[in-house]
There are 2 protein chains.
Amino acid sequence: MSKMPKLEDVTDPACCAPLSGPALSEAEAAELAKVFKALSDPVRLRLLNMIASVDGGEACVCDLTGAFELTAPTISHHLKVLRQAGLIEGERRGTWVYYRVVPDRLTRLSGLFALPALVPA
Amino acid sequence: MSKMPKLEDVTDPACCAPLSGPALSEAEAAELAKVFKALSDPVRLRLLNMIASVDGGEACVCDLTGAFELTAPTISHHLKVLRQAGLIEGERRGTWVYYRVVPDRLTRLSGLFALPALVPA
DNA sequence: TCGCTGGATAGACGGATGTCAAATTAGATG
DNA sequence: CATCTAATTTGACATCCGTCTATCCAGCGA
């Protein structure tokens with residue numbers, strides 16, 4: 001839509017091959033680390049959880065803010081981190097801003113932890 | 001007191017339910033965050049990658065250290081973080097120490113990012 | 001026993017990160 | 001336009017984290 005800042009593109013690299021696969025390049029590891037860094041905070045995990053599990057797929061910031069004993073700027077900061085990691089995306093509708101998860105991102109992370117068939121012949 | 005954590009017991013909580021599932025408790029989110037924090041460093045990701053993909057399932061620290069332009073204490077520190085997160089475990093055999101992944105841990109993380117069947121209204 | 005080597009620990013230092021208060025932007029409504 | 005509310009940005013501050021050097025511990029072999 002309008003001018004949603006592109007921010008950082010963490011979408012291409014190191015998203016598909018499992019950790020048990022071919023060697024991660026330095027750059028791939030760095031990009032991946034950014035995503036996990038975004039997930040490495042309890043508040044952000046709960047935010048992502050709330051957004052991912054809300055009925056309708058969208059959560060209003062106004063609702064998220066009330067769920068924590070933190071100031072609005074702090075919640076806003078965490079949402080920005082999640083957004084920059086490509087895990088969520090936001091949209092303003094009138095007075096309020098709504099966030100939803102980027103399913104593709106989560107699915108790809110899932111594949112990262114896939115293990116090769118244990119016990120080969 | 002059956003749930004008394006020894007050092008850092010990150011094994012029980014928040015391991016199975018997907019992020020899109022029921023609300024994460026504060027404690028669950030905190031424990032999960034520890035695991036992701038362990039994964040939020042490029043060096044640790046590459047270490048885990050190397051350990052997970054090495055033939056035989058075990059990697060000698062002596063080999064891991066040589067793969068980075070970092071001092072041995074730094075590598076040792078990163079391995080400790082991964083170990084405390086429950087992602088790897090080490091064993092000393094004679095002069096050398098070998099690390100291997102904890103498959104259960106990785107598999108569970110995979111499930112975290114599973115999404116419910118997309119509901120097209 | 002001594003000495004050598006692989007690995008872990010301790011302490012220090014600089015840069016990153018989470019939090020808040022204050023200021024700012026964007027829509028809605030008088 | 002004036003003003004109110006929702007949300008973000010800015011700047012400051014305390015804490016945390018990655019890295020190093022120096023030191024210590026554990027096996028092995030002469």
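Just so it is clear, the values below take in all heavy atoms, side chains as well, and ignore hydrogens, waters and symmetry mates. By convention in this document, chain letters (A, B, ...) are assigned in the order of the sequence lines, proteins followed by strands, and residues within each chain are numbered from 1.
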Is the shortest distance from a Lys or Arg side-chain nitrogen in B:Glu89 or B:Arg105 to a carboxylate oxygen in the other one below 4.0 Å?
no
To the nearest Å, give me how far apart CH2 (B:Trp96) and P (D:dG27) are.
14 Å
Answer with base, sugar-phosphate or nothing: what part of the nucleic acid does B:His78 contact at a heavy-atom distance below 4.0 Å?
sugar-phosphate
Ignoring backbone atoms, establish whether B:Thr74 has a side-chain N or O less than 4.0 Å from OP1 or OP2 of D:dG18.
no
Quickly work out the B:His77 NE2 to D:dC20 C1' distance and round it to whole Å.
12 Å
Map B:Cys62 and A:Val81 onto DNA chain C by nearest heavy atom, then report which one ends up closer to the 5' terminus.
B:Cys62
Taking CZ from B:Phe36 and P from D:dC17, how many angstroms apart are they, rounded to a whole number?
17 Å
Short N-O contact, A:Arg100 and A:Glu91, less than 4.0 angstrom:
yes
Measure OH/A:Tyr98 against P/D:dT8 and give the value in whole Å, please.
13 Å
Rounded to the nearest 0.5 Å, how far apart are CG of A:Asp41 and NZ of B:Lys37?
6.5 Å
Let me know the distance between CD of B:Glu91 and C1' of D:dA26, rounded to the nearest Å.
15 Å
Just to be sure I understand the rule, does A:Leu70 reach a base, reach only the sugar-phosphate, or reach nothing, if contact means heavy atoms closer than 4.0 Å?
sugar-phosphate
Quickly work out the B:Leu79 CG to D:dT19 P distance and round it to whole Å.
12 Å
Let me know the distance between NZ of B:Lys37 and P of D:dT15, rounded to the nearest Å.
15 Å
Regarding A:Tyr98 and A:Arg92, is there a side-chain donor-to-acceptor distance under 3.5 Å anywhere?
no
Counting any heavy atom closer than 4.0 Å, what does B:Thr95 reach on the DNA or RNA strands: base, sugar-phosphate only, or nothing?
sugar-phosphate
Phosphate OP1/OP2 of D:dG18: any B:Arg44 side-chain N/O under 4.0 Å
yes
Go nucleotide by nucleotide along DNA chain C from the 5' end; which of A:Ala72 and A:Gly94 gets its closest nucleotide reached first?
A:Ala72
On DNA chain C, reading 5' to 3', which nucleotide is the first and which the last to sit with an atom under 4.0 Å from a heavy atom of chain A, could you check?
C:dT17 to C:dA28
OP1 or OP2 of D:dT8 under 4.0 Å from side-chain N/O of A:Tyr99:
yes
Under a 3.5 Å threshold, yes or no: a donor from one side chain and an acceptor from the other, between B:Ser40 and A:Ser40?
no
Check every strand shown and say whether A:Arg93 touches a base, only sugar-phosphate, or nothing at a heavy-atom separation below 4.0 Å.
nothing
Here the gap from B:Thr107 atom OG1 to A:Phe113 atom CZ, rounded to the nearest 0.5 Å, amounts to 10.5 Å
Separation of A:Leu48 CG from A:His78 NE2 (nearest 0.5 Å)
13.0 Å
In whole Å, what is the span from the CD1 atom of A:Ile75 to the P atom of D:dA7?
12 Å
